[in-house]
Amino acid sequence: MSDREHDTYDVVGVGFGPSNLSLAIALEESRGNGAGNEISSLFMERQASFGWHRNMLLPSTTMQVSFLKDLATFRNPTSSFSFVAYLHASGRLAEFVNNQDFFPTRQEFHQYLEWAQERVADRVAYGSEVRSIGLPLDTAPEQSDLRLEVADATGQGSRTVRARNVVISTGLVPNMPEGTERDERVWHSSEFLEKYRRIDPRELRRVAVAGAGQSAAEITRFLYDELPHAQVHAVVPSYGYSIADDTPFANQVFHPSAVDDYYFGTERTRDAFWRYHRNTNYSVVDDDLIRSLYRRWYDDEVRGVRRLEFLNLTRVSGVKRVGDETRVSLQEGPGTQARELTVDALVCATGYDAMKPTSLLRELDGLCLRDESGRYRVGRDYRIVTALELRCGIYLQGGTEHTHGLSSSLLSNIALRSGDIVDSIVARRAEQDAVSPTLTEVGGDINGRSLGTPLPR
Ligand code: FDA
Ligand code: NAP
């Protein structure tokens, strides 16, 4: 019987980006070693086919993580789903090695992800958007499976899927500046290529890019290179782009053991992670990209051209549409008078908010326990700590920065995290059958670590 034909799945994944793809692989490989023999699974993805931040697949952009931090290697170095296995299958292993670069292009990594997903595609329902996760009204929570309402992404109806465990991995949520609505000329970076391709480039004579992170710098360079006739304004809140620290000691924050240090650390430890190492990821740009932008600007200076303008210490504070014009309000500091910049298109590369499953969980959210700051309490096994009576597991891949640290929204740890989740699901299976609330209470056990481990508050 194929996985699609089960009445109730042991695991339903919500979203099928790299995190849940890695989970599908961990489940597949756990079958091989006997542990996950009877674990049935189905993954729901709203896109019509696999795609990883497709709208940011700009030429020459590279990964920000080593190719060895792929979907499987850190969990299983002999996995046939590794990036090295993909290179071998593609006949490019020797050429890749000769290139002497730990950081493949995003294009190549995307091809790797597509290659890997093809091998588990029988467990994926593309074009399926999960609208809600809940419990049936007529059954007690301790006897109940979860019900997922799933809409066909083409709007052709909906269906219900039942699960003993859900793994929510719906990704980051785009953040727009206050007072700024998206439209055909005001874009978030997450929709960049799609919106850009809808416009005749000749119409883009003045463009602005807001933000000082990796997305902003990549888009600024792209627009400068693609639109030789255009003025490009980079609206940068800092004095200039800051470098992403990926030096070896700082990179230790993405070491697998850092998850335990963060999770089991004190509030002070967790605070230190963020205070000292936020610049490994947020509002920072890769060294070579900063230098390539500066080089363009400087070459223009030498030629007496001013095509690339950096508006530093400036934020976008609003946008007005006047006829065909997009008027961007720029604020140079709190309390200062805003000034206007008229452009043909504004790209807000203004970052993302963390994944928030609350809207999917609806009433079920009331059974999810929270800390004093209102954030989910999450077990070391990535399972939301729920009220005693709920026997089903709600796991998170993403949205756990407050409990598991900086790698929560990144690729660095997905192979091990997926393994941890599979181990937890397998370990809890017998307990679920026996309807024991014990594991729910303490947040679960993985890899033999104590069931009674205190949860971070
Ligand atoms: P991801 O966002 O990739 O996938 C979530 C999926 O869920 C999407 O396919 C979405 O369609 C689907 N979905 C959402 N809601 C749904 C619903 N209700 N029902 C069904 N499906 C739903 N990190 C890193 O470590 N190294 C890197 O090089 C990069 N590079 C990078 C580039 C760019 C442009 C961005 C914006 C981000 C990165 N990141 C990164 C960080 C990024 O978060 C990470 O690479 C992964 O995308 C995380 O994978 P996930 O599967 O968790 O989310
Ligand atoms: P980000 O790092 O969060 O940066 C967002 C930027 O927008 C910050 O500089 C922020 O400044 C600025 N900003 C916010 N509001 C603004 C406003 N009103 N006006 C002007 N600027 C404003 O987001 P990101 O660059 O999209 O990166 C997100 C993640 O994706 C990171 O993990 C990154 O590494 C990853 N990424 C990777 C690649 C790649 O692999 N090649 C490419 C792109 C992105 P403040 O901090 O001052 O608010």
Side-chain angles (χ1 to χ4, degrees), residues 13-23 43-58 60-66 69 103-106 109 113 125-133 148-151 153 168-180 188-190 192 208-219 234-238 241-242 244 246 254 278-286 289 311 314-318 328-331 346 348-355 357 359-360 396-399 406-414 417:
V14 183
F16 198 65
S19 299
N20 269 348
L21 170 53
S22 172
L23 180 75
F43 292 86
M44 302 291 172
E45 170 53 52
R46 69 179 170 201
Q47 296 183 84
S49 60
F50 185 85
W52 174 60
H53 302 304
R54 275 186 188 277
N55 287 318
M56 283 294 291
L57 283 181
L58 306 177
S60 326
T61 54
T62 54
M63 293 301 293
Q64 297 198 297
V65 74
S66 157
K69 291 189 174 177
F103 303 95
T105 62
R106 294 196 54 244
F109 204 76
L113 296 174
Y126 285 106
S128 302
E129 177 165 347
V130 176
R131 294 278 167 82
S132 69
I133 304 168
L148 291 88
E149 289 306 320
V150 184
I168 303 176
S169 184
T170 48
L172 297 164
V173 181
N175 170 59
M176 291 292 283
E178 236 174 88
T180 309
H188 186 265
S189 53
S190 57
F192 175 66
V209 183
Q214 184 72 17
S215 299
E218 286 182 3
I219 291 171
V235 183
V236 177
S238 52
Y241 300 112
S242 293
D246 69 345
F254 303 115
R278 200 183 141 77
N279 69 342
T280 51
N281 184 46
Y282 292 97
S283 309
V284 287
V285 181
D286 283 348
L289 178 54
L311 306 169
T314 305
R315 303 179 80 84
V316 167
S317 57
V328 185
S329 298
L330 300 177
Q331 192 93 38
L346 166 69
C348 296
T350 43
Y352 295 82
D353 292 327
M355 181 181 92
S359 59
L360 278 179
L396 300 180
Q397 296 230 61
L406 272 91
S407 60
S408 295
S409 68
L410 301 176
L411 302 178
S412 336
N413 195 40
I414 55 173
R417 182 173 67 196

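When a ligand or atom number is given, it counts from 1 through the structure's own listing order.
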Next item on the list: Only counting residues at least two apart or in another chain, list the ones meeting side-chain contact (heavy atoms from CB on, under 4.5 Å) with Ser317.
Entry: Ser329, Gln331, Ala338
Checklist line | Atom pair OH (Tyr126) and CZ (Phe43), whose distance is rounded to the nearest 0.5 Å | finding: 10.5 Å
Notebook entry, point to check: So is Ser215 in contact with ligand 1, going by heavy-atom distances below 4.0 Å?
Noted result: no
Notebook entry, point to check: About how many Å separate CD of Gln64 and CG of Asp246, when rounded to the nearest 0.5 Å?
Noted result: 8.5 Å
Item checked: ligand 1 versus Met44: contacting region, heavy-atom distance under 4.0 Å -> backbone
Next item on the list: Indicate the atoms forming the closest heavy-atom contact of His188 with Cys348, along with that distance.
Entry: CD2-O, 3.3 Å
Next item on the list: May I ask you to check if ligand 1 and Glu129 share an N or O to N or O distance below 3.5 Å?
Entry: no
Item checked: Check: Leu410 N/O within less than 3.5 Å of ligand 1 N/O -> no
Note to self: Rounded to the nearest 0.5 Å, what separates atom CD in Glu218 from atom CG in Leu58?
What the structure shows: 6.0 Å
Notebook entry, point to check: Measuring from the heavy atoms of Phe109, does anything fall under 4.0 Å of ligand 1?
Noted result: no
Notebook entry, point to check: For Thr350 and Asn175, which heavy atoms make the closest approach, and how far apart are they?
Noted result: OG1-O, 2.7 Å
Item checked: Nitrogen or oxygen of Arg46 less than 3.5 angstrom from that of ligand 1 -> yes
Note to self: What does the 4.0 Å heavy-atom contact list look like for ligand 2?
What the structure shows: Thr62, Gln64, Arg106, Pro177, Ala210, Gly211, Ala212, Gly213, Gln214, Ser215, Glu218, Pro237, Asn281, Tyr282, Ser283, Arg315, Val316, Ala349, Thr350, Gly351, Tyr352, Leu410
Note to self: As an exercise, state the distance from OG of Ser409 to CG of Asn281, rounded to the nearest 0.5 Å.
What the structure shows: 5.5 Å
Next item on the list: Could you find the nearest protein heavy atom to atom 25 (O) of ligand 1 and give me its residue, atom name and distance?
Entry: Leu411 N, 2.7 Å
Notebook entry, point to check: Rounded to the nearest 0.5 Å, what separation is found between the CG atom of Leu396 and the CD1 atom of Ile168?
Noted result: 6.0 Å
Next item on the list: Between His53 and ligand 1, find which residue part has any heavy-atom pair under 4.0 Å and reply side chain, backbone, both or neither.
Entry: side chain
Notebook entry, point to check: Is it true that Arg106 lies under 4.0 Å from ligand 1, counting heavy atoms only?
Noted result: yes
Item checked: Exam field: side chain Ser22 to backbone Ile414, donor-acceptor pair closer than 3.5 Å -> yes
Next item on the list: Report yes if some N/O of Gln47 lies less than 3.5 Å from some N/O of ligand 1; otherwise report no.
Entry: yes
Margin query: Does only the side chain of Ser409 get under 4.0 Å from ligand 1, or the backbone, or both, or neither? Count heavy atoms.
Written below: backbone
Notebook entry, point to check: Just going by heavy-atom distances, which of Glu45, Arg54, Met355, Met63 is nearest to atom 10 (C) of ligand 1?
Noted result: Glu45
Check: Between Phe192 and His53, is the ring centre distance below 6.0 Å?
Finding: no
Check: Looking only at heavy atoms, which two atoms of Tyr241 and Ala234 are closest? And how far apart?
Finding: OH-CB, 3.7 Å
Note to self: Is there a polar contact, in the sense of an N or O pair closer than 3.5 Å, between Thr62 and ligand 1?
What the structure shows: no
Item checked: Met56: numbered ligand 1 atoms lying under 4.0 Å from its heavy atoms -> 34 (C)
Check: Relative to each other, are the rings of Phe16 and Phe50 parallel, tilted or perpendicular (30° and 60° limits)?
Finding: perpendicular
Checklist line | Option of least heavy-atom distance to atom 52 (O) of ligand 1 (set: Ser132, Gly399, Ser19, Gly13) | finding: Ser19
Margin query: With a 3.5 Å distance limit and no angle check, can you tell me whether Arg417 reaches the backbone of Ser408 through a side-chain donor-acceptor pair?
Written below: yes
Margin query: Check for me whether Ser407 has a heavy atom closer than 4.0 Å to any atom of ligand 1.
Written below: no
Margin query: If you measure every N or O of Pro18 against every N or O of ligand 1, does any of those distances drop under 3.5 Å?
Written below: yes
Notebook entry, point to check: Would you say Gly398 contacts ligand 1, with heavy atoms under 4.0 Å as the rule?
Noted result: no
Notebook entry, point to check: When only distance counts, is Trp52 in polar contact with ligand 1, meaning an N/O pair under 3.5 Å?
Noted result: yes
Notebook entry, point to check: At what distance, to the nearest 0.5 angstrom, does CZ of Arg106 lie from OG of Ser60?
Noted result: 12.0 Å
Notebook entry, point to check: Any N or O of Leu360 that comes nearer than 3.5 Å to an N or O of ligand 1?
Noted result: no
Next item on the list: Determine, stepwise, if the pair Glu45 / Asn20 fulfils side chain to side chain contact (heavy atoms under 4.5 Å, CB included).
Entry: CA-CA 10 Å; Glu45 170 53 52; Asn20 269 348; over 6 Å; no
